[in-house]
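Here is the structure we will look at.
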Amino acid sequence: MQMTGDSVFEKRKKRAMAIMEGRGMWPSIYAPPCHIFLWRLGIHVPPPPFSTFWTNFFSFAVVYTPFWGIVMWFIFWKSQGATLLYAATSTLIAGLFFGVIMAAFQEWRKRANHLPAWEKL
């Protein structure tokens with residue numbers, strides 16, 4: 001029986017989740033909402049502590065940026081009369097900053113918990 005890409009990914013993800021749970025990591029760290037969203041879309045991105053810095057950066061920034069911008073627009077900027085240029089620039093800067101911070105945090109969690117490489121799962 002040959003395993004498909006989906007089943008290989010799911011098997012690795014299941015092993016990764018068990019390892020992280022066994023090490024006492026919080027589910028919000030190894031399965032944050034943005035990754036759950038990506039997994040439901042069928043995007044095979046490893047759990048954050050098993051991903052590379054750049055994969056984490058793009059995963060967090062791509063999901064967070066538009067969500068944050070839309071929320072900020074309807075809660076603050078629209079009523080304050082902010083321009084779309086200001087909103088877009090602020091949103092982009094916040095998304096890039098958030099992506100870098102979260103990618104660095106996940107890299108630290110990977111090292112602190114001595115996690116194996118994704119490919120070795």
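For the numbers below, each heavy atom of this structure counts, side chains included, while hydrogens, waters and symmetry mates do not.
- Here the shortest heavy-atom pairing between A61 and T65 reads O-OG1, 2.6 Å.
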| field | Evaluation steps, side-chain contact (heavy atoms from CB on, under 4.5 Å), between F50 and L121 | value | CA-CA 10 Å; F50 284 90; L121 294 176; 3.8 Å; yes
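- Looking only at distances, a side-chain donor or acceptor of S79 sits under 3.5 Å from a matching main-chain atom of F76.
- Formation of a donor-acceptor pair under 3.5 Å by the S51 side chain with backbone atoms of P46 is found in this model.
- Between W118 and F9, the distance separating the two ring centers is shorter than 6.0 angstrom.
- When side chains are defined from C-beta on, I70 counts as touching F74, because their heavy atoms get closer than 4.5 Å.
- Between H35 and Y30, the gap from one ring centroid to the other reaches at least 6.0 Å.
- Of the possible polar contacts, one joining the T89 side chain to the L85 backbone as a donor-acceptor pair under 3.5 Å is found.
- Under the 3.5 Å distance criterion, the side-chain polar atoms of W39 are left unmatched by any main-chain donor or acceptor of H44.
- The backbone N or O of P49 sits nowhere less than 3.5 Å from a side-chain atom of R109 that would complete a donor-acceptor pair.
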| Checking side-chain contact (heavy atoms from CB on, under 4.5 Å) for the pair C34/F67: CA distance, chi angles, key distance, verdict? | CA-CA 10 Å; C34 73; F67 174 76; over 6 Å; no
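- Ring geometry for F53 against F57 counts as parallel: the plane angle stays under 30°, on a 0 to 90° scale with 60° as the upper cut.
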